[in-house]
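Down below is the structure, laid out as C-alpha cells.
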There are 2 protein chains.
Amino acid sequence: MLTPNSLYPGARVALLCASSAVPEERLEPSLAAVRAFGLEPVVYPSCYYVNRHGYFAADDAQRAKDLQDAFADPAIQGILCIRGGYGAGRLLPLLNWKDIARHPKPFFGYSDVTALHIALNQCCRMVSYHTPMPSTEWYKETDDFTLGYLRRALFGALTGPLDMGDRVETLCSGKARGILCGGNLSLVVDSLGTPWEIDTRGKLLFLEDVGEKTYRIDGMLTQLRNAGKFDHCAGILLGYWTDCPPEYPEKTLTPEEIIREVVLPAGKPTVAGVPCGHSLPTMSLPLGAVAVLDADTKTLEVCP
Amino acid sequence: MLTPNSLYPGARVALLCASSAVPEERLEPSLAAVRAFGLEPVVYPSCYYVNRHGYFAADDAQRAKDLQDAFADPAIQGILCIRGGYGAGRLLPLLNWKDIARHPKPFFGYSDVTALHIALNQCCRMVSYHTPMPSTEWYKETDDFTLGYLRRALFGALTGPLDMGDRVETLCSGKARGILCGGNLSLVVDSLGTPWEIDTRGKLLFLEDVGEKTYRIDGMLTQLRNAGKFDHCAGILLGYWTDCPPEYPEKTLTPEEIIREVVLPAGKPTVAGVPCGHSLPTMSLPLGAVAVLDADTKTLEVCP
C-alpha cells in the first residue's frame, strides 16, 4: 500500500463532489473552513449548485471528470470531497483507476465517499482518509477531538495510537493486525457483487451507519455475513447507528441483538462504540493503512 | 429446470413464514382463504405469533426448520409462504439445499420470499411461483385478474401467453427468450456477493419494489448495473415502484429517469409497468421457467 505525500500549509486542494448537490449557501463557509486549515481550495464544477442534476451535484460525467482531473492535475496536492449523500457508486465504472493510481495524492471524505475509498484502496493500492467533510462538519464550530484528528489526517500524522474515547466496548475478545477498511455500512454493502467489492480478507473492518431502519441494518449485516465478509476479516470495529430507531419498539431486535446474532458468531476480535462517522465528536481513520486492534484493551494503533 | 408436480383439490399445503411475524388476527382468515381454493392447510410453528422473535416470525433456527421440514415431509404437496416482510436472507446458510432438491414441490410467495426463489431456482433447479400470499392478499376480497393468475399458479396452469394488462410500456425494443428470474429489487440486490447471488446470464429479469426512497432505487439499480446484471441478462421486465416518493420533488430523478440512465444503456429488450408485486391487480409468475418477452408487442409467453 502506498501512503500519498502529506498536505502542507499553502497546499492547493481540489474541492469537489462525487455525490449529492451542495446547498448554495454552504459553499463559501466551506471554502473559509478549508482556508482556516492553511490550505488553498480550488473549486471544481461539481461544487456549484447550478450544475446539479436531480439529487446529484452534477451529472455522472461531470462528477467523474472532476475526480479524474483532480488526480491528474500536478498543481493539485490533495482532494477534499465537500459532501456525501448519494451518487459516488454511479461513477465507479466511469473512472480510469489505472490513471488515478499513477497520481497518488491524499483523498478525504466519508459516508457516500466510502465507495471511492474502497476503490482507491483496492484498485490503486492507495491509503485514503475517512474524515469529516467541509460542507457537512468543517464549516461548523466543532470539538477539539474532531479537529485534532482532522488536522492529523490532513497533514499526515495519523499514525501511532488512535484515541477511541471512553465509550468503546469489547464485544469479542482478542487482538488482530490488518489493513483498515470499510466505512458506511450501506456503501460497503453496495459494493458487493461488483468489480469494486470490498475485500475484507485479513483486514480490520470498520462499519457505521445513519438513518437506516433497524431491519435494514439487519439485512445489510446479514448480506455481509452471507458473503463471508466477517469470517474472512481479522477484526471488526463498529461505530454508531445514528438515527436508526426501530419502527415497532415492542417487536424489534436492537442493533446490539442483531450484532450478537449476525456478526459475533464469526468469532473475530470486535469492539463497538467507535466514535467515527455520522456523529460528533468523530475520529478520522487512514483506510488502507495497517493497524493493530486490541479488543480487550480497546486500543487501536496505526503501524508506521 | 424441474417443474414440481402441481397442486390439486384436497392437496395438503404447508403454511409457514420465513420472514416477519404474522399478526395473530390474520392467521384464521388466511386459513379460510387457503381452504377456499380447495387446499388443506397444515400450519407450521412460524405462523404462530407466540413464536415471534423480534420482527421475525420465529428465530432463524425455527424458520429454517419449518422450511426444511415442509420440503422433506412426503405428506405435504406444496408450500405457501404466509407473508413476507424481512428475514428470509437470514435462513440461506442454514438450509440444506441438496436435501430440498431431492423433494421438489411447488413453492409460493413474493417480496422477501424473493431470496428463497433465487436459491430454489439456482441451487435446486426448481421452478417456483411469484404469487400473492395468504396473510397479505388472499384473505381480502380481490379482483378476478389476481385470483385467476393465482389459481393458474397453484394448479399448474401458468404456461402459454400471460396477460400483462394494458399499462405495459416498451422502454427498449426487441425480443428475448430466457428463464424468468428476479422479483423484489431489494432482495435481488441483497443476494449480490453471496453464494446465492442472482445469475441473470441469458435470463429475463423482473424487478419491482415498495416503500423505498427514490435515491435507494437508484442505488440498488446502480449496484445491479455495476455487477453486470443488466449487461448479462437477455431482457428486462419492470413492475411498479409502489410508495417510492421522492424526498425533495424539486431536485430528484424520477424512477423513469433513473431507469433511463442506469438500466436502458444495457440495450436489452425492456418493458415497464408489469402488474406484478406490491400492487393490485397482480399477475403471478413462474420463476425458473423459460419464457419469451416481446418488448414491441408487449407480450410475455411461458414456454411449455
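As a basis for the values below, the full set of heavy atoms in this structure was taken, side chains included, without hydrogen atoms, waters or symmetry mates. Computed from a predicted structure; not experimentally measured. Proteins get letters first, then strands, A, B, ... in listed order; numbering begins at 1 in each.
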Quiz item: Looking at R225(A), E197(A), M220(A), which makes the most heavy-atom pairs under 4.5 Å with chain B?
Solution: R225(A)
Quiz prompt | Proximal component of T222(B), with respect to chain A [non-hydrogen, under 4.5 Å] | solution = side chain
Self-check item: Proximity breakdown for L92(B) and chain A, heavy-atom pairs closer than 4.5 Å
Solution: side chain
Quiz item: Heavy atoms, side chains only, cut-off 4.5 Å: are K213(B) and Y86(A) in contact?
Solution: no
Quiz item: Roughly how far, to the nearest 0.5 Å, is the CZ atom of F56(A) from the CG atom of D218(B)?
Solution: 4.0 Å
Self-check item: Which atoms of V189(B) approach chain A - backbone, side chain, both or neither, heavy atom under 4.5 Å
Solution: backbone
Quiz item: Got a second to check how far H53(A)'s NE2 is from E261(B)'s CD, nearest 0.5 Å?
Solution: 3.5 Å
Quiz item: Listed by residue number, which members of residues 226-236 of chain A have a heavy atom under 4.5 Å from any heavy atom of chain B?
Solution: N226(A), A227(A)
Quiz prompt | Separation between OG1 of T194(A) and CG of L224(B), rounded to the nearest 0.5 Å | solution = 11.0 Å
Quiz prompt | Nearest-0.5 Å distance that lies between atom OG1 in T214(B) and atom OH in Y55(A) | solution = 6.5 Å
Quiz prompt | salt bridge (Lys or Arg N to Asp or Glu O under 4.0 Å) contacts in which one or both residues fall within residues 51-65 of chain A, not counting sequence neighbours | solution = D60(A)-R63(A), D60(A)-R90(A), K65(A)-D69(A)
